[in-house]
Amino acid sequence: MSEPVLEIRGLRVDYGLGDEAVHAVRDVDLTLHRGEVLGLAGESGSGKSTLAYGLTRLLPPPGVVSGGRVLYHPVDGPPVDVLTLTPAQLRRFRWAEASIVFQGAMNSLNPVHRISTQLLDVIKAHEPRTTPAARSARARELLRLVGISADRLDSYPHQLSGGMRQRVMIAMALALEPQVVIMDEPTTALDVVMQRQILGQLAELRQRLGFAVLFITHDLSLLVEFSDRIAIMYGGRIVEEAPAAELYRRALHPYTEGLLHSFPALRGPRRELAGIPGSPPDLRAMPAGCAFHPRCPKAFDPCGEKLPPLGPPGDGQPGRAVACWLHPAAAPVPR
Amino acid sequence: MTYLLRRVGFYLFTAWAALTLNFFIPRLIPGDPVKSLISRYQGQLSSDAIRSLYVLFGIDAHDSLWDQYVDYWKQLLHGDLGLSFTAFPAPVSEVILDALPWTLALVGITTLVSFALGTGLGVLAGWRRGSWVDGLLPATTFLSSVPYFWLGLVAIALLAGPGSFFPSSGGYDPGLVPAPDTIFLGSAVRHSLLPAATILISSMSGWILSMRNMMVTVAAEDYITVAHAKGLPERRVALNYAARNALLPNVAGFALSLGFIVGGTLLVEIVFSYPGLGFLLFRAVGAKDYPLMQGIFLVITLSVLVANLLADVVYLMLDPRTRKEG
Amino acid sequence: GETANTRNRDNKGGATVLNIGMPNGPQTENHNPFLTTSAAASLGYRWQIYEPLMMWNPVKPAEPFKPWLATKAEWTPDYRSVTVTVRDNATWSDGKPVTAADVAFTYNLVKTNEAINTAAIPYASISASGNQVTLAFDSPQFVNQQKILAQVPIVPEHIWSGIKDPATDINKNPVGSGAYTLKSFTPQTTTLSVRTSGYWQELPKVKELRYTSYTDNNAQTTALANGESEWSFVFIPNVQAVFVGKDPANHKVWAPPVLGIHGLYLNTTRKPLDNPALRRAMNLVINREDIFQQAEAGYFHPLVKSVTGLPSPAGDAYLAPEYQGQDHKVDVEGAKKLLTGAGFTFNGSTLVDPSGKPVTLTLTDPAGWSDYQTSLEIVKDNLSDIGIAATVDKANQDAWFRNVEEGKFDATFRWTNGGATPYDIYQTVMDGRLLKPVGTASPAGNFGRFDNPEATAALTAYANATDDAARSAALATLQKVFVEQVPMVPVGADNVGAAYSTKNWTGWPDDTNPYGAGQPTQPNAADVVQHLRPAGS
Amino acid sequence: MTTPTTDAPAGRDEVLEAVGLTKHFPVRAGLRTLLTRDRPAVHAVDDVHLTLRRGQVTALVGESGSGKSTVARLLAQLYPRTAGTVRLHGEPVTVRGGRPFRAYARRVQMIFQDPFASLNPVHTVRYHLTRALRIHGNAGRTPADLDAALARLLERVALTPAERYLDKFPHELSGGQRQRVAIARALGADPEVLLADEPVSMLDVSIRLGVLNLLRDFKQRLHLAILYITHDIASARYFADETLVMYAGRMVEGGDSETVTQSPAHPYTRLLIDSAPDPDRITGDAGPDDRERGDGEPPSLIRPPAGCRFHPRCPAAMPRCATDLPPRLDVGDRPGHWAACWLYDPETVTGVPS
Amino acid sequence: MAIPTSSIEQVIPKQGAMAQPAVARRRRWRFLSNGKATTGLAMVAAYVLLAVIGPWIAPYDPDARSGELLQPPSAQHWFGTTHLGQDVFSQVLVGTRGVMVVGLLAGVVATILSVLVGVTAGYLGGLSDDGLSALSNVFLVIPALPLIIIVASTITDAGDLVVALVIGFTSWAWGARVLRAQTLSLRRRDYVEAARATGESTWRIIGFEILPNLTAIIASGFVGTVIFAVLSEITLAFIGISSVSSWNWGTILFWAQSQQALAQGAWWWFVPAGLAIALLGTALALINFGIDEFVSPRLRSGGRVRIRTADGRTVRMRVGFTPVLAPAADVPQPRPRKEARQ
Ligand SMILES: Nc1ncnc2c1ncn2[C@@H]1O[C@H](COP(=O)(O)OP(=O)(O)OP(=O)(O)O)[C@@H](O)[C@H]1O
Ligand SMILES: Nc1ncnc2c1ncn2[C@@H]1O[C@H](COP(=O)(O)OP(=O)(O)OP(=O)(O)O)[C@@H](O)[C@H]1O
Ligand SMILES: [Mg+2]
Ligand SMILES: [Mg+2]
Ligand code: NI
């Protein structure tokens, strides 16, 4: 496994302060390695987006980061903690080192500026020395990368289709060739044909540019196909982490298992769909112990009392981690 | 293109409706101008003089309403607004032309300044929520609820007075002849300071508040977060992204509120005895000078319409989404 | 560079310019002397450019007229014709002489244009011969003398004969016989400068008259207070504090009454107001002094003391001997006695009429007329002293005009016509010829529907009388009816005074020398200017 | 939980039928078109034939904007049709409003796409359901009757105990619960046909499953005819008896669900199935090899391509595709499997070298 | 004369009120927890109370004259006296009722009209929409106050009722426009369509599905109109157009102005009435903000904007820079950024 590029340690993100705070992300540890696609899945409301926004500090009020560290390892030089950067430093860090593609492309582009303006101003902001000509050449190149002809540069966002806008956003995310690209459900609004097109292009670009991707969705089948490793979130915590294929083949956490048995397969024999009974937990009143235990078919004594730590299961392969008393950790993951 | 045409069609319709309304309102007024003149000359006009005034104004002629309406349009299309009663026999257009520049200069400039300043402060307040600018809000709320005329009265009481730099009334020092020289212009500017400040103070807060609210709304849009994520300089995010988008609804609001502004500043003109349209209208209403009322109303309505049209054009230029066909 | 403004600044003030102000709002250029709506009339400068034949002093209406453009005027005893002799040394400001033909032309103009015949004088024939002009009338004009001789501006024939409609022409370049000519006009200020030559008498000392039209009373008052304005006619509330007190040595108001009054008209067709006893009782309790002080700032509508309703000194000459020295006095007890004597009773403090109904009435006047409104408040208060429950109705102006003319009111404050004799006052109040049924408008007078043949006969007799004895007799009858029947409660008089400053100019009319009306819009204004001398000279 | 039965037990009686259903939405005319004759319109649905049968689920799949919702609304008579006939039990019906519309709504009910938007935030569950019962006269006479009816309704959609849900506002319910309330509301009319417009697309995988199972239960117990609209073709396979595929306003393929999903005939269906994420494919990259499958933008519906609407993107396009509209052609592998594609016209295929 | 300060018309579909499924009964009273709204409501309540009991608690008859002419405030006359010796304090107290009645009545009339016109236009669409929106546009373009002045001056015996009606009938257009826009977007909501599909009748859809969702906007429009109506009414009284037979604050100002209170130095004559107007206006505006913020959660200041972190610093909550409450200290500082990468 290659070296880490982004290390999240004990990250906690709340909405609100004090007693009213909703702890949407709780003590999350996650490592993104250079050049890999890390999938982050989990049902709606489990805190995926909050995690993504929290670690880049883009969470709107009343969101606050209440603890933890986000270490970024530049290609050369010592690691930096994103959470301690001043606004000016943060501004320089953003996009040049880590960029984000948001869920709704329709709302991510400023409706009153041309695509070109929006593409160019990020280059201008971070690389003020470039000439205008060089910049515009770069913009054309970027559009071409995502399969849009350069004459669309002067269009306004509303003149493009949803898929094209999403691709423009991807092109923009890659404009400064960052090390990390965070994608929050970049394709849920699109239909499958378009989705596949975009993912295809993204895979291609990753091979060429070598950035790492944190890919967020709740569509597990998409992740299994597209990512290298998958982390599953439930109730604000990571409950399982494993290479994609292994996770699909043998899920350790009952929740993961439930997820995998909730979507019908398109090919192969028609299989039994079990689903997950019950409904997601209320973040304000989390059950004690393992958050999943009220819905868990395999729950037993310790589940309702003690919080299972996330760690490599004693009975599993290396490179995996799970937080479940069914698979007690061999040793906790070092922080 | 279609958009603009539709707007023009709408304006034509509105103009027609407003002008028709304009025609009917004075005709429904029960009193007559001669009686009102008497009250101006309270006790000075004998009963005989009154009789001669009726003859003078030719008030007893009775056409059918429809004929009058047709005549009204004929006259209008010739640019003829009739003769004023109070300034008989001066044509209404002349009386209005005397007053118009004052209102244009005072109200027009102040309105623009108020919009610009208010919008600017609103951008600041909305962008840096919780900073000192937000502290302005309670004060502005209070000021925007103060009636214009009362603020004017207080301003006169506190600031104007014998020997003060601020004159309490009029458009320029009596005795001066309107001419483009420094004496006259200086005097005119001095006379406009208090009324302008009054309008500014009580109208600006509206812009501050609406712009602030719009900024807050826009600041939560995804594309603003994206702009932050892009690491753009704060100024650029605030101005090119947030303010630029927040401005759009305000431009439309600006055009629409012009009507309110003209109405509101009427009182400022009354309080400061400023020789503008509002004051003229006030006098015309008092004197039942309905040709003059009609004329002023027409001018106000048309200028609001024109301002709206302009605002539409500006909006068209600002918001690419309205330029769908091209 | 040098402009009108720099020039003005350079020779501002001093003993050459007189600043006159009126609170009439922005003006449009119109120097037509015949139109009450023109700037010339509204600011009053028409009388500085154009002159009447004679000067009449409204403060001393009974005094003989002072010759002006005419050297004399002789009426026939029946007052159906007058012959005037035109001064032969007067010239128009363009140099042409003023002739009898000009005078005859002017009166013909008025005769043929009903719109400018503001006094509705029934001219019969007008003829000029030599320097004499004879005007003949359809009816005796004793009561209209001043309207004919002192209130018609004489205009030059050679100019006005070319004017198509004298009622609508704005007379852009006025040419008159007066001491001043038009120098400049702006909506706010009109400037006149004194003629250099050709005036028929000594030229006034004031070189320039500057008429400023202030936008309203407030602005005019302020200008007076700070000396910007030196002469005006405007209602100043609390005049001592607001104006006089600012410069007690120089700031003066002078408000002599004229023969035109204000008072409470009572509707004599309504019960119980049809009972003269009630009307007299009301007359007895109304506190004129309070009204004078609180509603009229202690000067504006001078007190009418005499029970006849005639103001003093203007009316002194006309008082019937029996009413000499009989002044109004507040007498609540007397009023009560009067009432109980006439069958009224008191139920506690409430007055009950003979038919057993409590007496209530509504006092009405237009909302915006603040002095009348204030007066009504005081009247209401006074009436409660004799148990009358009055309410004050602040009416819409149009409705008020209509209702008053149609006789649909209980009691209302209003003015009477004014004139050179008490005739106008009494005619407005009591003329049976104007009597109309309630519901039909009688715009010229008798709003209270006062039906008294004796008064009507006396009015006719007075207007048509050919000798003073007959006039005195008629007038005595009128006064007797007025005092006994009280068709209207007289309260204050009109004034033709002024607020002025003696800082730069002296020689103003005042109580010691009431040589004419002080109001800058009256014809007398020309005479006033003639009297002015630089202060300290 | 239940394995799908291969054959629906109920008879094949047709409940609702659409013949030649067409809907064009006029678009705002521009200046230039004002002078010419043709009024531009979105050809949202063109010549659609479909039959809903008692106790059967018919799935309608297709990409976003292909006109699926429009078909549902046309069937529910919420839009006037441009052309075509809707037959209820063989009777052509056209209702615009008022009493006839109510009568129609009693038999044909629609479930809207978005459970978050289709319940009024200001009303409680009780209000929504009571209205549905009242309008169609199923509320009974007494309040007790009503309560019983409400309880029955909630029980049907597995929201028990009823009291716990009745007085909740929509925002207090989870997505799955809301969707169930929406379904319960539709059932309140006691309909014969349920038009379910993407009833699960907004929901989480785990909740999604619960709703689908519920619908299938209705089909089996209440013998409802169900139109299931989705663009998730896998769920169509799992849940529907018959599957129809739409592309740009037209039906392009139809047949038994298993057949359509396992051996798609129309190139567009193939594209759709290939594009669907498939965990079994486990590769990191979707591979540039499938570039040729027919990527590109969906066509404009204002000026749809002549001939087969898919031809500009079709990897197997033939000259004829650009000119002639393909009719329904039997594919031949299974009975009832058809595709509107010239590939299945032997003459065209042999006549033109590919 | 008031520039519309409401941001309601700017509620963008899907982002404003209606995107929040949470606008429901229990939450309705939540807007009371908004400090601005409660302050405003409390102030308005005080005014309403004064309107009811004002005439009883007034120390003097507002018409009654006394010997103390034009006296500055004193223990006997808290707000001083007029030129007739009337007690200004009593006039202000007694005048409250007229102002409140006219303001509320005009607000009700205008609100009803705007709901009728706006919702009908928005829901029905087509020709009736075109007609109705053209009508409201005409009323929007015509300057309202001059129109009110002219209309009010044409009516003889313009009592409170008439004034209220005139103001109400001339100031509904803005509300109608906002409501129409909102109804248009509501009409396309699925739950409206769903109600239709269930078989609900048109009037029931308008009355029970759409209107409840417009409550906040209607309320805010109502409050806005009341402000406008109060100011218009006072203006009319002040310039002496409407009847001044009953006391309201405009009447007081009218008398003060016609007696040139300023020139006489009688500040107490016009200051209290003006302040009363301004405070009422402020109170109403505060309520309006409360409603606005309630409707559009983004305007909520969210309680604290500045927060204190674990190590005692204060940070500002703002978009784009999420505050970090307890950063780890033992982390290497950021390296200087390498320049001009290519
Ligand atoms: N402003 C807020 N105040 C309080 N709670 C919030 C706020 N925003 C989000 N939450 C809660 O935080 C939790 C995590 O939300 P988040 O958006 O991260 O979920 P997600 O996993 O991205 O879900 P989805 O798949 O639907 O996007 C949710 O339960 C949500 O209700
Ligand atoms: N009211 C309307 N006016 C104009 N065009 C419309 C209208 N409703 C739908 N359309 C257009 O008709 C086409 C089909 O729309 P429809 O909503 O039926 O698609 P869909 O298949 O349901 O899509 P999705 O999967 O996104 O729900 C689209 O191009 C859409 O833009
Ligand atoms: Mg999310
Ligand atoms: Mg759809
Ligand atoms: Ni008077």
Side-chain angles (χ1 to χ4, degrees), chain D residues 69 72-73 75-79 95 97-124 127-137 167-173 175 178 181-182 185-189 191 194-195 197-198 202, chain E residues 11 13-31 119 123-127 129-130 182-219 294-297:
Chain D
S69 299
R73 283 171 195 235
L75 288 177
Q77 307 258 19
L78 291 175
Y79 288 155
V95 293
R99 219 172 276 277
F101 181 81
R102 274 195 183 193
Y104 185 82
R106 184 166 310 150
R107 311 176 90 173
V108 180
Q109 276 285 318
M110 176 154 172
I111 302 169
F112 283 75
Q113 192 158 352
D114 177 357
F116 290 86
S118 59
L119 295 176
N120 195 332
V122 302
H123 293 312
T124 57
Y127 177 88
H128 282 110
L129 299 185
T130 308
R131 287 307 302 165
L133 292 168
R134 277 257 159 76
I135 293 171
H136 301 291
D167 290 311
K168 296 221 179 220
F169 284 95
H171 74 272
E172 297 169 307
L173 302 175
R178 285 168 184 229
V181 172
R185 163 158 72 171
L187 292 180
L194 213 49
L195 306 170
D197 186 1
E198 307 200 21
M202 302 287 280
Chain E
V11 171
K14 288 257 172 192
Q15 291 171 350
M18 304 312 145
Q20 294 288 314
V23 188
R25 194 171 303 149
R26 255 177 257 166
R27 281 254 197 127
R28 262 179 217 166
W29 299 110
R30 272 252 325 245
F31 109 99
V119 175
Y123 187 76
L124 294 185
L127 266 184
D129 181 19
D130 288 346
Q182 195 60 36
T183 309
L184 266 182
S185 93
L186 283 183
R187 182 172 71 132
R188 310 227 176 284
R189 292 287 150 81
D190 275 357
Y191 60 77
V192 176
E193 282 279 294
R196 206 155 77 82
T198 312
E200 295 276 24
S201 59
T202 303
W203 73 264
R204 211 171 153 111
I205 291 180
I206 294 185
F208 287 78
E209 305 291 333
I210 293 186
L211 269 189
N213 282 296
L214 294 171
T215 3
I217 293 182
I218 294 174
F294 173 66
V295 167
S296 168

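Predicted, not measured: the structure shown is a model, and the values here were computed from it. Each chain gets a letter, A, B and so on, in the order the sequences are listed, and its residues count up from 1.
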Visitor: To the nearest 0.5 Å, how far apart are CG in E:Asp190 and CD1 in D:Ile111?
Guide: 12.5 Å
Visitor: Contact part of D:Tyr104 toward chain E, heavy-atom cut-off under 4.5 Å: side chain, backbone, both or neither?
Guide: neither
Visitor: Please list, chain by chain and in numerical order, all residues satisfying side-chain contact (heavy atoms from CB on, under 4.5 Å) with D:Leu78, sequence neighbours excluded.
Guide: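 side-chain contact (heavy atoms from CB on, under 4.5 Å) list for D:Leu78, sorted by chain: D:Arg73, D:Ala76, D:Phe101, D:Met110, D:Phe112, E:Glu193, E:Arg196, E:Ala197.
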Visitor: If we define contacts as heavy-atom pairs under 4.5 Å, which of D:Asn120, D:Leu119, D:Val108, D:Leu195 has the most with chain E?
Guide: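 Option with the top pair count is D:Asn120.
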Visitor: Do side-chain atoms of D:His123 reach the backbone of E:Pro212 as a donor and acceptor pair under 3.5 angstrom?
Guide: no
Visitor: I need the minimum non-hydrogen distance between E:Ala194 and D:Arg185, along with the two atoms involved.
Guide: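 Heavy-atom minimum between the residues: CB-NH2, 3.2 Å.
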Visitor: Considering all heavy atoms of both residues, which atom of D:His136 and which atom of E:Thr198 are nearest to each other, and what is their separation?
Guide: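 Heavy atoms only, the tightest pair is NE2-O, 2.6 Å.
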Visitor: Can you name the nearest heavy-atom pair linking E:Tyr191 to D:Pro121, along with the distance?
Guide: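 Closest pair (atom of E:Tyr191, atom of D:Pro121, distance): CE2-CD, 3.5 Å.
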Visitor: With sequence neighbours excluded, tell me which residues meet side-chain contact (heavy atoms from CB on, under 4.5 Å) with D:Arg134.
Guide: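 D:Arg134: side-chain contact (heavy atoms from CB on, under 4.5 Å) contacts with D:Thr130, D:Arg131, D:Ala139, D:Leu146.
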